[in-house]
Amino acid sequence: MKLKVLIADKFPEKYIQELKDLDLEVIYEPKLGENDLPKAAEDVDILVVRSTVVNEETINNSKKLNLIIRAGSGVNNIAISAANKKGIYVANCPGMNAVAVAELTIGLMIALDRFIPDNVADFRNGIWNKDKYSKGKGLKGKTLGIIGVGNIGKEVAKRALAFEMNVYGKDISRIEGVQIKDFSEMDQLLPLCDIVTIHLPATPQTKGLFNKQMFSYMKNGAYLINTSRHDIIVEEDLLEAIKEKNLRVALDVFKGEPEGKSGEVKSPLQNNPNIYVTHHIGASTEQAQDAVAEETVRIIKHYVHSGVIDHWVNRAKVTDAKYQLVVKHYDKPGVLASVLDVIRQGNINIEEIENIIFEGGIAACCTMKLKLPATAEMLKQISENPNVISVSHVEI
Ligand SMILES: NC(=O)c1ccc[n+]([C@@H]2O[C@H](COP(=O)([O-])OP(=O)(O)OC[C@H]3O[C@@H](n4cnc5c(N)ncnc54)[C@H](O)[C@@H]3O)[C@@H](O)[C@H]2O)c1
Ligand SMILES: O=C(O)[C@H](O)COP(=O)(O)O
């Protein structure tokens, strides 16, 4: 039976055809919303989404779902904890839309500095105002703080350096791959920045990070750009900070973003002259959408042909494994079963296991990560199997 793939978001036609060529049953329903998915994904093996929400109900209701691919970067629209409980893989396409988001970020930076959207709006309303709009500060030599220096943050850094800006960064990991000054504390970094741009994932640690306190560290009149996720900013605190400090702000994401691709929108940010909002278009260039779709097809192809999930995001980062047992053995039926039987009798849980065959198919090596140590007696029993070549056991 063919594997069934549901694509529940906009996806380029060329790549849908590539999936069909893999002998998969492909269902393309780009208009499905969060509430349609529990029924629509009930019977599919692979689900591909962009920002469409895959909630707990969709996951719990699914009968065969094995892989959810976020055709994009942020996976916060997927109920990962529910997927974990059912052993459903979640993967994404990291870096594939990074350039597109970086380009939008630079665009927003210039738009803020030169009041481009207001220029256009006035012109469309028959108003000429060279005087009012001739107050750009210029970007050269200004200090940019990049919060979250991952795939997107790095692309922003490269472009800002080409603009001859001072570029500083803050990340939980060491910043590598771009030559920018790495700050560990926001209260040290934010007061230096003329422009702050946020490129963080939405996680429990980043939720509400930009609150009253963070805004208190920012310079009067600084620009703030957020193209990541709305939850990182406390919007009420932002509105206060705009009043108090005359911050100027550009957002590609905001609270209450409509689920559909078109329709009405209502937000308390709407009538504030210090705020520009774009329509969550960071990733929406033809180049980025092609790159994301190509990567999605590659992930599916690799999974179908080898069972390997690339960019698997819900694999446990740490397990309870404390010991490693490596058994080299002749690759014959029943050898591994006998080793596993010894471990079972010792009531030890195997957290991870991998069996690799040497060229020629005669010998193999099985590496097991164990929760508890194997006893000397167990190791002796395993070694005594004539088909076992060697045994090693270490604490990890
Ligand atoms: N507007 C759009 O269309 C659009 C497009 C793509 C991505 N995004 C959003 O941008 C986010 C970033 O995308 P990316 O591709 O650069 O992701 P990424 O994973 O490559 O980079 C995120 C960086 O944030 C860092 N980080 C995580 N938690 C942190 C914390 N608490 N403090 C400091 N640093 C932290 C990580 O170490 C990493 O370097 C995505 O998660 C997504 O939400 C938006
Ligand atoms: O995380 C992402 O990749 C972006 O938010 C893009 O979202 P989209 O695919 O819905 O445009």
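Each ligand, and each atom within it, is numbered from 1 in the order the structure gives.
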Between K64 and D45 (salt bridge meaning N to carboxylate O under 4.0 Å), is one present in this structure?
yes
Identify whether I16 and V49 are in the same connected component of the hydrophobic contact network (ILVMFWY, side-chain heavy atoms under 4.5 Å).
no
Please list the nearest protein heavy atom to atom 16 (O) of ligand 1 with its residue and the distance rounded to 0.1 Å.
I152 N, 2.9 Å
Presence of salt bridge, D182 and R174, under 4.0 angstrom
no
Of T278, N226, T105, which meets side chain to side chain donor-acceptor pair (under 3.5 Å) against D252?
T278
Ranked by distance from atom 8 (N) of ligand 1, the top protein heavy atom is R229 NH1, 3.7 Å
Heavy-atom contact under 4.0 Å between V149 and ligand 1?
yes
Does only the side chain of S51 get under 4.0 Å from ligand 2, or the backbone, or both, or neither? Count heavy atoms.
both
Steps toward side-chain hydrogen bond (donor to acceptor under 3.5 Å, both in side chains) verdict (Y276, D118):
CA-CA 9 Å; Y276 299 147; D118 305 302; 2.4 Å; yes
For ligand 1, find out whether one of its N or O atoms is nearer than 3.5 Å to an N or O atom of N151.
yes
Search all heavy atoms of H199 against all heavy atoms of G148 and return the closest pair with its distance.
CB-O, 3.4 Å
Of all heavy-atom pairs linking L47 and A41, the shortest is CD2-CB, 4.3 Å
Any N or O on N97 sitting closer than 3.5 Å to an N or O of ligand 1?
no
At under 4.0 Å between heavy atoms, which part of N97 makes contact with ligand 2: side chain, backbone, both or neither?
side chain
Quick one: which ligand 1 atoms are inside 4.0 Å of a heavy atom on H280?
1 (N), 2 (C), 3 (O)
Between ligand 1 and D171, is the shortest N or O to N or O distance under 3.5 Å?
yes
Among all protein heavy atoms, pick the one closest to atom 7 (O) of ligand 2 and tell me residue, atom and distance.
R70 NH2, 3.2 Å
Check: of G150, A202, A288, P204, min heavy-atom distance to atom 21 (O) of ligand 1 comes from G150
Within the structure, is a non-hydrogen atom of G72 found at a distance of less than 4.0 Å from ligand 1?
no
Atom 44 (C) of ligand 1: which of V292, N92, T227, L209 has the nearest heavy atom?
T227
Protein contact of atom 5 (O) of ligand 2 - nearest heavy atom, named by residue and atom, plus distance
H280 NE2, 2.7 Å
Option set I146, V313, T206, criterion heavy-atom distance to atom 31 (N) of ligand 1, minimum:
T206
Do the charged groups of R298 and E294 touch, with an N to O distance under 4.0 Å?
no
Looking at every heavy atom in both N55 and P38, which two are closest together, and how far apart are they?
OD1-CG, 4.4 Å
Can you confirm, on distance only, whether ligand 1 has an N/O atom lying under 3.5 Å from any N/O atom belonging to Q205?
no
Nearest to atom 1 (O) of ligand 2 by heavy atom, K261, R50, R229, M96: which?
R229
What pair of heavy atoms forms the shortest contact from I152 to A98, and how long is it?
CG1-CA, 3.7 Å
E56 bridged to K85 by N-O distance under 4.0 Å:
no
Atom 3 (O) of ligand 2 - nearest protein heavy atom and its distance:
S73 N, 2.7 Å
Should S73 be counted as touching ligand 1, given the test is an N or O pair under 3.5 Å?
yes
Checking K245 side chain against S216 main chain: does a donor-acceptor pair fall under 3.5 Å?
yes
Short N-O contact, D122 and K130, less than 4.0 angstrom
no
Result for side-chain contact (heavy atoms from CB on, under 4.5 Å) between I198 and one of I233, L251, V253 points to I233
For atom 41 (O) of ligand 1, what is the closest protein heavy atom, and at what distance to 0.1 Å?
P201 CA, 3.2 Å
Test side-chain hydrogen bond (donor to acceptor under 3.5 Å, both in side chains) applied to K322 - qualifying residues, sequence neighbours left out:
none
In the complex you have, is atom 3 (O) of ligand 1 within reach of the protein, judged by whether a heavy-atom distance drops under 4.0 Å?
yes
Polar contacts were defined as any N/O atom of the residue lying under 3.5 Å from an N/O atom of the ligand; does this apply to D252 and ligand 1?
yes
With under 30° as parallel and over 60° as perpendicular, where do the rings of F115 and Y133 fit, or are they tilted in between?
tilted
In terms of atom number and element, which parts of ligand 1 are under 4.0 angstrom from non-hydrogen atoms of S173?
37 (O)
What is the closest protein heavy atom to atom 5 (C) of ligand 1, and at what distance does it sit?
V101 CG2, 3.2 Å
If you count the atoms of ligand 2 from 1 in the order shown, which ones are under 4.0 Å from a heavy atom of G72?
3 (O)
Under 4.0 Å, heavy-atom basis, I'd like to know which part of H199 is in contact with ligand 1: side chain, backbone, both or neither.
backbone
Mark up the atoms of ligand 2 that fall under 4.0 Å of a heavy atom belonging to A283, in ascending order.
6 (C)
Under 4.0 Å from one or more heavy atoms of G74, ligand 2 contributes atoms 1 (O), 2 (C), 3 (O)
State, without any angle test, whether N220 and N246 hold a side-chain donor-acceptor pair at a distance under 3.5 Å.
no
Taking distance alone, with N or O pairs closer than 3.5 Å, would you say A283 contacts ligand 1?
yes
Identify the closest protein heavy atom to atom 11 (C) of ligand 1: which residue and atom is it, and at what distance?
L200 O, 3.5 Å
Set of residues satisfying side-chain hydrogen bond (donor to acceptor under 3.5 Å, both in side chains) with respect to D331, sequence neighbours excluded
none
How far is atom 33 (C) of ligand 1 from the closest protein heavy atom, and which atom is that?
I172 N, 3.3 Å
